[in-house]
Trainee: 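First, the structure itself, so that you have it in front of you.
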Amino acid sequence: MLSTLIDLAKIPSRLKSKGVLGMNQRNHAFIGRYNDRAKYPLVDDKLKTKIIAQRHGATTPEMIGVIRNQAEVKLIHDMVKDWPGFVIKPAQGSGGKGILVIVDHDQQRYKKPSGNETSRQEVERHVSNVLSGLFSLGGKTDVAIVENLILFDDCFDGFTYEGVPDVRIIVFKGYPVMAMMRCSTAASDGKANLHQGAVGVGLDIASGKAIRAVQFEKPLTHHPDTKVDLSTLVVPDWRRLLELACSAWEMTGLGYMGTDMVLDRTKGPMVLELNARPGLSIQIANGTGLIPRLRHIENLEVPIKYPTPEQRVEYCVQQFSTETKFNYM
Amino acid sequence: MTSKVPFYIAVIALVIIGIAMSIIRHQTYNVPWVPGETRQIWDIEARIEFTARGKEVKASLAAPSTQSGYTLINESASSPGYGISYNSTSSGRRIEWTIREASGPQTIYYRSQFLVDENTKRDVTPPSQPMPEPKLPSLELSAGKALVELARQRSADNSSFTRELIKALNEPESQNASLLLHTNNKTNALYALLSIAEIPSRIVGVIELEDGRRRQNVQQMIEVWTGEDWQLFSISATQDGKQHPLLIWDQSNVSLLDLMGGSNSRVAFSMIARNISPTEATESKAEADGLLNFSIHSLPLEEQAMFKTIMMIPIGALIVVFLRIIVGLKTSGTFMPVLIAVAFVQTQLVTGIVGFLLIVGVGLIIRSYLSRLNLLLVARISAVIITVILIISIFTVVAFKVGLTEGLSITFFPMIILSWTIERMSILWEEEGGKEVMLQGGGSLITAILVYIAMTNEYLQHLTFNFVGLQLIVLAGILVLGTYTGYRLTELRRFKPLVKD
Ligand SMILES: Nc1ncnc2c1ncn2[C@@H]1O[C@H](COP(=O)(O)OP(=O)(O)O)[C@@H](O)[C@H]1O
Ligand SMILES: [Mg+2]
């Protein structure tokens with residue numbers, strides 16, 4: 001009893017020496033200091049994010065349409081007539097809430113990634129719930145974005161179960177400091193959000209190779225559903241993905257940000273969404289703390305001409321390369 | 001980090017000012033630091049409202065005097081434009097307000113201070129006149145005589161005799177009693193019975209002393225002469241259970257308020273208990289109304305009573321800030337737990353928790369049905385609000401019928417807030433499952449209980465109410481907590497895997 005207490009008392013100093021970033025410090029020293037509140041709407045509203053991303057030449061999933069009020073709910077069926085697969089999401093949602101993924105349909109029956117079918121009424125009801133703000137921050141009324149289904153790159157086959165894996169990169173002052181891939185599982189129901197049970201795989205900034213994997217914040221080596229060895233995961237086109245993530249800094253001007261990216265089979269890297277308050281689990285997936293890297297970037301001398309995304313990526317690739325930490329027992 | 005310096009200077013300044021204010025208050029007004037070493041004073045305020053008819057007005061209110069357990073140490077009346085006089089009449093003291101001309105709604109105040117005092121000096125005047133003849137029709141007179149005869153057989157002296165009469169009057173089956181109660185209320189019936197028995201007695205107006213009570217009315221009770229003293233009897237049969245101390249306000253046996261030139265009159269009492277030091281108690285004529293006394297205590301009593309709760313809210317906020325920033329507890333709605341705790345103070349803890357769980361539980365079940373109806377959000381919340389009101393009224397009625405008077409206090413819950421809580425929790429349930437609901441609901445409840453414990457703490461109550469400077473210290477504490485950038489306690493567990501390798 002006493003020894004566990006003493007152990008517990010030692011944890012803060014050990015975490016500190018490992019450079020683990022806590023919630024209070026994140027809010028205080030990074031989000032509060034580097035993120036201008038006035039710019040939050042740019043990232044809190046996925047519609048606005050899409051617009052600024054396209055203005056800066058970044059690819060985003062193709063937009064099929066927007067449903068703005070209850071009267072238009074029934075238009076959804078016509079809207080997706082020419083699109084076999086599509087996704088409905090609340091513009092101001094977060095954490096994977098309210099995202100409905102349809103992989104195939106005939107305008108009568110809609111097929112979900114799990115193979116289950118839903119009816120027209122259920123799709124309409126989902127849109128209506130999105131509009132009334134059920135899934136949005138503070139329950140405000142919202143709009144529903146309908147966008148094209150992303151077909152993920154074949155190289156991810158087996159690493160993800162019934163869903164598109166996305167790559168989360170923490171971008172600090174325009175530099176990519178830490179990355180992970182989030183792979184959906186049966187538990188996370190086709191969405192790649194960690195607290196819903198997706199697997200987080202820490203990625204080496206230098207190479208895009210897997211470092212370590214966790215589910216529900218516990219380490220693991222194989223995907224729980226497909227049993228594929230997660231240590232063999234390598235994200236292709238890694239440089240371009242990093243550069244795209246970094247360019248989000250030019251788009252939004254937010255200093256501390258989480259970028260969610262996907263690799264489409266045909267169109268390559270895309271920006272899925274940007275996040276002004278990215279979570280801290282990425283540290284667990286990488287098995288290391290964020291603070292040393294953040295401080296490193298913070299202490300960089302700022303030249304008169306700010307480095308381009310390519311230069312920033314090059315710098316981080318040199319600085320932050322990491323060995324794999326998979327641990328087979 | 002230079003930008004931090006002004007912040008810390010401000011925090012230190014807040015603390016110093018807060019401490020200084022408290023010390024000044026402690027020294028100049030002799031307010032003790034702890035509630036123990038004190039004497040209690042009751043400030044009681046009678047607020048008289050009426051509509052004047054535009055002519056001369058004369059209002060006369062019965063005034064209380066020193067009595068067993070309480071010494072009158074101060075009194076004052078306030079009322080713009082009125083002339084005031086204190087008169088001693090044969091039936092007790094009265095205050096009289098007079099004005100040549102007044103119209104429209106009028107409010108006048110009378111305020112008295114009583115020192116709680118075990119060894120009061122008071123004169124026990126024996127009854128002067130014999131009891132008047134009972135004014136009862138013959139049928140009721142004989143019923144009364146039968147009751148008196150029965151009670152006399154079962155009793156030994158005046159006080160046990162009165163107790164027997166009260167018992168008889170509260171007997172629902174007794175024919176004699178119901179005959180009497182048909183035309184008289186219980187107090188008058190008891191008075192009539194006592195006059196049949198020729199036992200000296202009088203009807204008095206009594207107020208219950210309950211700290212922080214507002215808008216109380218005078219209750220009628222009966223005082224009986226036991227041979228050497230007057231003893232007070234309440235007509236309601238059962239006297240057990242928690243009873244508040246009683247103060248006799250009106251011994252006149254005439255009327256509480258006589259009003260000429262006005263209508264729609266109403267007298268309501270507010271009261272508040274205050275602790276003062278023994279020295280202050282002795283200088284009973286303290287500068288209670290002095291101009292320099294810029295404390296909450298110079299406000300009308302009704303507002304003071306409200307402040308007793310309001311002054312505790314910063315402490316609640318401090319606890320919430322602590323639990324969120326240092327511990328990392330999840331609650332649904334940031335300050336919802338504080339409001340729940342305020343409700344707990346009114347309902348008592350156990351009743352409060354049971355009530356909270358009942359309302360939220362039943363609310364969640366009904367909300368899960370509403371979610372199938374596919375309503376828009378505003379309509380859904382409104383429906384939940386109405387459901388909550390219905391649940392509360394049903395529970396109140398059921399509790400009343402079953403005889404659980406504690407159940408009545410359930411109405412103190414903030415209904416709109418509860419409805420939002422239910423709505424938010426049910427969305428949480430659909431999205432993240434029951435575990436998260438238990439986590440956040442449990443977090444809210446734990447926070448609310450902790451805040452409740454702090455709010456009902458005698459020392460904290462004493463300090464926050466008597467030392468306004470303390471609020472500045474609490475503010476400084478919250479500001480400092482706001483700059484804490486270390487790990488939350490819950491994060492130690494979360495990030496534990498990172499320590500291992
Ligand atoms: N267009 C899409 N095609 C396929 N899957 C998608 C699409 N959009 C989102 N998803 C899935 O939903 C998850 C969450 O989407 P995201 O846009 O990041 O919303 P949130 O803010 O809720 O995290 C993604 O990780 C991905 O797995
Ligand atoms: Mg996301």
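Below, chains carry the letters A, B, ... as their sequence lines are ordered, and counting in each starts from 1. Hydrogens, waters and symmetry mates are skipped; everything else that's a heavy atom, side chains included, is used.
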Trainee: Applying salt bridge (charged side-chain N to carboxylate O under 4.0 Å, His left out) as the test, list every pair that has at least one member in residues 314-337 of chain B; sequence neighbours left out.
Mentor: Lys330(B)-Glu436(B)
Trainee: By a 4.5 Å heavy-atom criterion (distance strictly below it), what part of Ser17(A) contacts chain B: side chain, backbone, both, or neither?
Mentor: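 Neither part, no heavy atoms under 4.5 Å.
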Trainee: Just to verify, what does Leu364(B) make a side chain to side chain contact (heavy atoms under 4.5 Å, CB included) with, not counting sequence neighbours?
Mentor: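 With neighbours one apart ignored, the set is Val360(B), Ile422(B), Met425(B), Ser426(B), Trp429(B).
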Trainee: I'd like to verify something: which residue of Ile11(A), Leu21(A), Leu15(A) has the highest number of heavy-atom pairs under 4.5 Å with chain B?
Mentor: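 Answer, by heavy-atom pair count under 4.5 Å with chain B: Leu15(A).
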Trainee: Given heavy-atom pairs under 4.5 angstrom as the criterion, report whether the side chain, backbone, both or neither of Arg494(B) touches chain A.
Mentor: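 Contact with chain A involves both backbone and side-chain atoms of Arg494(B).
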Trainee: Please state whether the side chain, the backbone, both or neither of Leu131(A) comes within less than 4.5 Å of a heavy atom of chain B.
Mentor: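 For Leu131(A), no heavy atom lies under 4.5 Å from chain B.
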Trainee: Under 3.5 Å, is there a donor on one side chain and an acceptor on the other for His223(A) and Gln215(A)?
Mentor: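 His223(A) vs Gln215(A): no donor-acceptor pair found between side chains.
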Trainee: For Lys209(A), is the NZ atom crowded, meaning more than 12 foreign heavy atoms sit under 6.0 Å from it?
Mentor: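 No, because the 6.0 Å sphere around NZ of Lys209(A) holds 12 heavy atoms or fewer from other groups.
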Trainee: Name the region of Asn27(A), side chain, backbone, both or neither, that has any atom closer than 4.5 Å to a heavy atom of chain B.
Mentor: side chain
Trainee: Please test Glu217(A) against Arg493(B) for side chain to side chain contact (heavy atoms under 4.5 Å, CB included), starting from the C-alpha separation and ending with a verdict.
Mentor: CA-CA 10 Å; Glu217(A) 311 196 329; Arg493(B) 228 195 76 200; over 6 Å; no
